[in-house]
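Let me begin by presenting the structure, written as structure tokens, before commenting on it.
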Amino acid sequence: MGTRLMDATEVAGQLGASKAYAYKVIRKLNAELAKEGCLIVQGKVSRVYFEERYFAGEPMPTPERSGSDVC
């Protein structure tokens, strides 16, 4: 866990999926972050946000995720 951003290779490895699918996941998550006003890097996704969305085990809170430092 060296960087704050994950690339498609890392996302694919975490999900056990293809790199093409990983890029779709990254685009979706980045669109969600951009809608919240966060700056994004194309082709990479925030490690914290990725883990929150895929491995938290709880439903995603409403878009007003107060107290979150994901951005």
Side-chain angles (χ1 to χ4, degrees):
M1 183 157 139
T3 64
R4 292 178 179 235
L5 299 176
M6 298 173 70
D7 62 12
T9 303
E10 272 189 278
V11 171
Q14 287 290 313
L15 297 177
S18 70
K19 210 168 168 182
Y21 182 74
Y23 278 114
K24 288 180 183 180
V25 168
I26 290 170
R27 279 192 295 274
K28 177 179 174 32
L29 295 178
N30 280 342
E32 292 173 5
L33 287 169
K35 189 174 180 180
E36 294 179 18
C38 297
L39 298 177
I40 61 163
V41 176
Q42 287 186 341
K44 297 188 183 250
V45 67
S46 161
R47 181 177 309 278
V48 172
Y49 192 67
F50 171 80
E51 290 176 355
E52 175 185 309
R53 292 286 280 128
Y54 275 85
F55 303 115
E58 295 180 19
M60 174 79 173
T62 59
E64 302 86 29
R65 291 186 331 233
S66 61
S68 177
D69 62 349
V70 173
C71 291

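Numbering of residues begins at 1 and proceeds along the displayed sequence.
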Exercise. Once you round to the nearest 0.5 Å, how far does CE of M6 lie from OH of Y49?
Worked result: 14.0 Å

For this session: Run the numbers on Y54 and V11 for side-chain contact (heavy atoms from CB on, under 4.5 Å), then give the verdict.
Result: CA-CA 11 Å; Y54 275 85; V11 171; over 6 Å; no

Exercise. Taking all atoms of both residues into account, what is the closest heavy-atom pair of A12 and A22, and its distance?
Worked result: N-CB, 3.6 Å

Exercise. Does R47 reach the side chain of R4, with side-chain heavy atoms less than 4.5 Å apart?
Worked result: no

Problem set entry | Distance (rounded to the nearest 0.5 Å) between I40 CD1 and S46 OG | 11.5 Å

Exercise. Under the side chain to side chain contact (heavy atoms under 4.5 Å, CB included) test, which residues partner A17, sequence neighbours left out?
Worked result: L15, Y21

Exercise. Taking only residues at least two apart or on different chains, which pairs with a member in residues 17-30 satisfy salt bridge (charged side-chain N to carboxylate O under 4.0 Å, His left out)?
Worked result: K28-E32

Problem set entry | Co-members of the apolar cluster containing L5 [side chain, <4.5 Å] | V41

Problem set entry | Heavy-atom side-chain contact between K44 and I26 under 4.5 Å | no

Problem set entry | Separation between OG1 of T3 and CD of E10, rounded to the nearest 0.5 Å | 5.5 Å

For this session: Check whether V25 and L33 end up in the same hydrophobic cluster, where Ile, Leu, Val, Met, Phe, Trp and Tyr are linked by side-chain heavy atoms less than 4.5 Å apart.
Result: yes

